[in-house]
Student: 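Sharing a structure below in structure tokens format, with a few things to ask.
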Amino acid sequence: MRTIKQFLNRQVSAAIESCTGLRDSNANVITASKVEFGDYQANGVMPIAKQLKVNPRELANQVIEELRSFNLNIVERYEVAGPGFINIYLSDTELLRRANAIINGKLPIIPKSEISLRIAVDYSSPNLAKEMHVGHLRGTIIGDAIVRILEKQGHQVIRQNHVGDWGTQFGMLICYLQELQQTNGKEYPAALTDLERFYREAKSRFDSDRKFADRSRQAVVDLQSGDQESQQIWTQFIEESLNHCDEIYSKLNITLDRSHLDSESQYNDQLTGVIKKLSEEGLLSESEGAKCVFLPQFIGKDGSKLPVIVQKSDGGYLYSTTDIAAVHHKSHTLDIDRALYVVDARQSLHFQQVFAVSKEAKFATEKISLEHISYGTMMDSAGKPFKTRSGDTVKLIELLDESVSRAYTLVTEKNPDLADEERKVISEKVGIAAVKYADLSKNRTSDYIFDWATMLSFEGNTAPYLMYAYARIRSILAKANMGGPYETISELKSPLEHLLLTKLIQFPEIVDTVASDCFPNLLCNYLHELAGIFMRFYEECPILSADEDIRQSRLSLSNYSSLVLKQGLELLGIETLTQM
RNA sequence: GUCCCCGUAGCUCAGCUGGAUAGAGCAAUCGCCUCCUAAGCGAUAGGUCGGCCGUUCGAAUCGGCCCGGGGACACCA
């Protein structure tokens with residue numbers, strides 16, 4: 001199943017081939033940049049005319065003649081414009097036919113991808129030594145949206161939450177827990193309700209008490225060599241920490257659960273194998289006591305070769321080693337086609353190195369596509385990394401709670417007549433949605449300025465705007481009180497209706513783009529534009545008071561709008577409401 | 001020093017493989033609720049797209065050089 005854009009691209013390209021003999025040319029069909037230019041425009045003729053040294057407008061005319069002979073029923077007419085653009089106007093009849101098939105369920109809103117791939121997506125990946133903080137928000141939200149989109153397209157998605165549960169700091173935490181256990185008996189899990197504080201206390205012990213620090217280092221060794229008591233405390237700690245994560249995931253409507261854990265500790269027993277293989281491949285060398293891989297493309301500070309250190313001089317392993325082992329696991333055990341790593345942009349060098357070493361040493365199969373889906377840092381309104389006034393990281397749970405409580409204030413203000421219970425439900429959804437959407441709607445690669453005022457204004461290009469649009473539609477459909485099913489759009493009377501319908505039918509094109517490029521903000525932009533067009537339609541075109549046939553048609557168009565909005569928001573991990 | 005990212009309206013940001021007169025939202029000013037939810041709609045105002053040069057029918061987009069900001073760069077993750 002192809003989208004209209006893909007279809008037109010192929011047709012225009014074929015027409016160009018008949019006119020010029022050039023095969024597989026880029027027809028460059030895009031959504032028209034302005035309504036005056038039709039629904040789609042093909043920009044590909046001009047570069048080709050230039051290449052062939054012919055007049056671009058003349059070639060465009062020939063291509064159009066050819067296209068007309070194809071008799072495409074989706075196209076109403078073609079026009080040459082400007083220096084050689086081909087403007088394409090879609091046929092309302094055919095648009096209606098397709099739209100109605102989608103509304104009544106004969107065609108899917110989002111067609112399945114032609115090929116179903118096995119795709120691993122690493123995302124969220126909190127460090128279990130601490131509580132999740134705002135720094136984990138982006139990766140978690142963006143990753144979850146990507147996962148939902150890929151799954152919807154019919155790919156086999158394997159979520160991987162690569163939690164940090166094996167680092168050096170766990171020795172410190174285990175030791176501190178042991179201390180508390182000795183003084184307070186079995187009370188110790190209570191101390192873990194505030195992991196952040198627990199970590200700070202342990203850290204300050206570590207920094208101030210030499211003996212404690214030594215015991216901590218020993219505890220890491222004990223833990224990693226399988227000491228029973230250390231393991232037991234560690235397990236308890238991890239369990240408690242994961243409970244915190246689960247609470248966040250559930251609050252944020254994130255699809256991750258315990259079955260998606262792909263923890264660092266799982267790779268512990270594969271690390272020696274990684275070193276061995278690297279050595280066999282002749283890639284391993286020793287430098288200053290550490291085992292390293294030097295690849296020519298990585299240059300360090302003073303122009304010297306930059307190592308990928310895979311084993312420290314004290315014998316310990318690093319996260320590069322674990323990540324390489326994980327690539328092997330994805331490639332050879334999970335048979336993955338595409339591996340996405342939704343991780344902070346600051347780790348891009350790390351991933352370049354891991355990917356390069358993995359390919360070089362054949363930990364990666366030929367077919368696997370390793371992609372770092374990087375995102376920028378979260379900043380405060382002054383452009384500095386996001387911290388509390390006292391300089392601590394902001395706990396994610398507190399941020400979410402604040403958003404919900406601000407939403408509650410707002411709902412109460414906007415809709416005071418609603419029962420308190422309903423206002424609570426609405427503010428839960430709206431508060432969380434606002435946080436998620438504020439993040440998703442920005443290009444992931446840029447740094448993100450987190451600002452309560454902007455995000456919680458609940459106006460403009462925000463989740464509440466989209467949710468409100470949805471609630472309005474549902475409200476009309478409920479008021480129509482005809483039992484539905486509102487499955488037939490029969491005519492497009494106003495240009496706005498044509499615009500709205502065209503927009504709706506383009507939904508799969510955007511989903512397709514996001515699936516390949518992993519930029520969820522494109523979907524946000526689309527939904528915002530769609531909601532905007534609907535709002536205009538709503539203001540300008542009477543629905544319930546229209547004559548019967550138009551009323552039926554507009555209700556169906558509204559119904560279609562609600563289906564797409566709901567589906568789109570769902571793909572972003574945002575829930576809808578029927579009233580707000 | 002090397003490499004990577006960024007610089008678009010007062011603020012926060014879009015701008016898809018170069019495409020037609022650079023778009024939203026917030027903030028500002030002015031209109032629109034006896035009418036389907038005003039968390040809305042319309043209108044006005046606001047830009048030498050950091051700078052210069054180049055590639056071409058066409059550049060915010062591609063290339064080069066500068067300026068400014070951020071990040072990464074050997075035993076943390």
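A, B, ... follow the sequence lines: proteins, then strands. Residue 1 opens every chain.
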Student: Sequence neighbours excluded, which residues qualify as side chain to side chain contact (heavy atoms under 4.5 Å, CB included) partners of A:Asn87?
Tutor: A:Phe37, A:Gln41, A:Glu79, A:Ala81, A:Phe85, A:Tyr89
Student: Give one of base, sugar-phosphate or nothing for A:His350, where a contact means two heavy atoms less than 4.0 Å apart.
Tutor: nothing
Student: Between protein and nucleotides 8-15 of chain B, what N or O pairs are separated by less than 3.5 Å?
Tutor:
residue, atom, partner, partner atom, Å
B:C13, OP1, A:Ile449, N, 3.2
B:A14, OP1, A:Asn443, N, 2.8
B:A14, OP1, A:Ser446, OG, 3.2
B:A14, O2', A:Asn525, ND2, 2.5

Student: For a quick check of understanding: with a heavy-atom distance under 4.0 Å over all strands, which category does A:Lys291 fall into, base, sugar-phosphate or nothing?
Tutor: nothing
Student: So, using ring-ring contact (aromatic ring centres under 6.0 Å, His included) as the criterion, who are the partners of A:Tyr408 when residues are at least two apart?
Tutor: none
Student: Over all strands shown, is A:Tyr465 touching base, sugar-phosphate only, or nothing at heavy-atom distances under 4.0 angstrom?
Tutor: sugar-phosphate
Student: Quick one: is B:C36 close enough that its OP1 or OP2 comes under 4.0 Å of any side-chain N or O from A:Ser545?
Tutor: no
Student: Looking at B:C36, B:C16, B:A72, which one has an atom nearest to any side-chain atom of A:Leu349?
Tutor: B:A72
Student: Hey, does the side-chain of A:Asp344 have a donor or acceptor N/O within less than 3.5 Å of a partner on the base of B:A77?
Tutor: no
Student: Can you say whether a donor on the side chain of A:Gln41 sits under 3.5 Å from an acceptor on the base of B:A20, or the other way round?
Tutor: yes
Student: In terms of base orientation, is B:C11 syn or anti, with the syn window spanning 90° either side of 0?
Tutor: anti
Student: Distances under 3.5 Å only, N/O to N/O: pair up the protein atoms with those of nucleotides 56-63 of chain B.
Tutor:
residue, atom, partner, partner atom, Å
B:U56, O3', A:Lys50, NZ, 3.2

Student: Is there a residue in residues 22-29 of chain A whose heavy atoms reach under 4.0 Å of RNA chain B, and which residues are they?
Tutor: A:Asn26, A:Asn28
Student: Could you provide the dot-bracket string of RNA chain B, using ( ) for intrastrand pairs, [ ] for crossing pairs and | for bases paired to another strand, with Watson-Crick or G-U pairs below 3.5 Å?
Tutor: (((((((..((((.....[...)))).(((((.......))))).....(((((..]....))))))))))))....
Student: Is A:Arg551 salt-bridged to A:Asp547, going by a charged N under 4.0 Å from an acidic O?
Tutor: no
